[in-house]
Amino acid sequence: MKILVLNGNTTTHVTERMIAALEPRCPESVQLVGATAPFGMPYVSTRGAVAVATHAVQDAVRAAVEGEQAAGRAPFDACFYACFGEPGIDALRAEHAFPVVGMAEASILTALQLGERFAIVTVGAEWPAMLRDLMRRTALEARCAGMGVVPGDALAVATGREDGLKLVRAAVDEVIARQAPDVVIVAGASLAGYGTALAAQAPVPVLDSLTAGFEQALALARLGLRRRGHA
């Protein structure tokens, strides 16, 4: 099987970091191929950046699909859209036959199987408002206990230039104390890996959005289902 790991940001290091985090979880029969947005912002953290990413990811996936076809290689079995909030995911699903699994959708669905109310911890001052929009669109306001924000620059946290684990742990502890969720989602490409590292230290389940989303992409790839109306 072959899974496309799509990064809606333009920072290739984030794509490489996510691939490196996922490879140990992969069965030997699964190949991961990374795709990075060809234009836009280094990290999607504003509504303007979301609008640009909506278009950029279409180009990234088309280029990846065409590259495999031109090389005579097998098509993708699934796409894991590893950008929390998934700008443009509906357009990707309309264009491609393979399943497109969104990081936010998949991790929230996982959280709902573990508890009644979930909280989201992310990085970026504008993300809580954008995620509240997502909760309204998906009719999940009553299930979302609230948001927590990790201070600092997202890319600095991702690359370890800031004490990422310490910052994320503090945000997780605060959201648990203040909002009493049943589950906490550590969300976003820049925070990949931190949720897994904290899972054994928290009094409630802590989900890493990267691993939770990938497991659903892997499950759909194994099912071998394709969207109707596509070749």
Side-chain angles (χ1 to χ4, degrees), residues 8-9 14 18 41 43-51 53-54 80-90 101-158 162-216:
N9 312 297
V14 172
M18 291 192 293
M41 297 300 294
Y43 196 80
V44 176
S45 59
T46 66
R47 294 185 186 276
V50 164
T54 296
F80 174 35
Y81 190 176
C83 180
F84 207 85
E86 304 108 18
I89 193 170
D90 291 337
V101 176
M103 178 185 271
E105 286 184 350
S107 53
I108 289 170
L109 287 171
T110 303
L112 292 175
Q113 295 175 76
L114 292 170
E116 180 69 22
R117 297 167 68 249
F118 62 89
I120 299 172
V121 169
T122 189
V123 60
E126 292 192 37
W127 266 115
M130 291 190 286
L131 291 175
R132 283 193 288 272
D133 289 345
L134 175 63
M135 296 305 108
R136 285 190 286 270
R137 289 197 304 273
T138 54
L140 287 171
E141 303 102 309
R143 304 292 295 274
C144 182
M147 314 284 175
V149 178
V150 177
D153 175 78
L155 291 179
V157 174
E162 295 181 3
D163 191 352
L165 187 60
K166 182 178 179 180
L167 292 172
V168 176
R169 173 63 190 268
V172 169
D173 287 346
E174 181 181 359
V175 83
I176 291 173
R178 182 162 45 89
Q179 298 166 357
D182 300 306
V183 185
V184 176
I185 301 169
V186 177
S190 68
L191 301 186
Y194 290 122
T196 301
L198 294 172
Q201 304 175 28
V204 301
V206 175
L207 293 178
D208 189 297
S209 65
L210 180 73
T211 54
F214 176 70
E215 290 295 338
Q216 290 203 24

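For the single chain, residues carry numbers from 1 onward in sequence order.
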Exercise for review: Could I get the full list of salt bridge (charged side-chain N to carboxylate O under 4.0 Å, His left out) partners for Asp182, not counting sequence neighbours?
Suggested key: none
Exercise for review: Give the minimum heavy-atom separation between Pro181 and Val204, together with the two atoms involved.
Suggested key: O-CG1, 3.6 Å
**Study point:** Donor-acceptor contact present, side-chain Tyr81 to main-chain Gly8, <3.5 Å
**Key:** no
Review point. What do you reckon, is CE of Met135 surrounded by more than 12 foreign heavy atoms closer than 6.0 Å?
Key: yes
Check your understanding: In chain order, what residues pass the side chain to side chain contact (heavy atoms under 4.5 Å, CB included) check against Ala104, with sequence neighbours excluded?
Key -> Phe84, Glu86, Leu134
Check your understanding: Which pair of heavy atoms, one from Met103 and one from Ser107, lies closest together, and at what distance?
Key -> O-OG, 2.7 Å
Point to revise | Any pair counted as side chain to side chain donor-acceptor pair (under 3.5 Å), so long as it reaches residues 112-127, sequence neighbours left out | key: none
Practice item. Taking all heavy atoms of Gly115 and all of Arg143, pick out the closest pair and write down the distance. Key: O-NH2, 3.6 Å
Review point. Between Val150 and Ala171, which heavy-atom pair has the shortest distance, and what is it?
Key: CG2-CB, 3.8 Å
**Study point:** Flag side-chain contact, heavy atom, 4.5 Å: Thr138 against Glu105
**Key:** no
Check your understanding: Listed by chain and number, what are the side chain to side chain contact (heavy atoms under 4.5 Å, CB included) partners of Leu109, not counting sequence neighbours?
Key -> Gln216
Practice item. Just do the side chain to side chain contact (heavy atoms under 4.5 Å, CB included) check on Val184 and Leu198 with the steps written out, would you? Key: CA-CA 11 Å; Val184 176; Leu198 294 172; over 6 Å; no
**Study point:** Asp173/Arg169 salt bridge by N-O under 4.0 Å criterion
**Key:** yes
Exercise for review: Under the side chain to side chain contact (heavy atoms under 4.5 Å, CB included) rule, what do Leu167 and Val123 come out as? Steps first, then yes or no, please.
Suggested key: CA-CA 10 Å; Leu167 292 172; Val123 60; over 6 Å; no
Check your understanding: At their closest point, which heavy atom of Ile185 faces which heavy atom of Ala111, and how far apart are they?
Key -> CD1-CB, 3.9 Å
Practice item. Report the residues that fulfil side chain to side chain contact (heavy atoms under 4.5 Å, CB included) with Ala202, sequence neighbours left out, ordered by chain and then residue number. Key: Ile176, Val206
**Study point:** Listed partners of Asp208 passing side chain to side chain contact (heavy atoms under 4.5 Å, CB included), at least two apart
**Key:** Thr196, Leu210, Thr211
Review point. At their closest point, which heavy atom of Val14 faces which heavy atom of Ala189, and how far apart are they?
Key: CG1-CB, 3.7 Å
Practice item. Please check if the side chain of Tyr43 supplies one atom and the backbone of Ser190 the other of a donor-acceptor pair under 3.5 Å. Key: yes
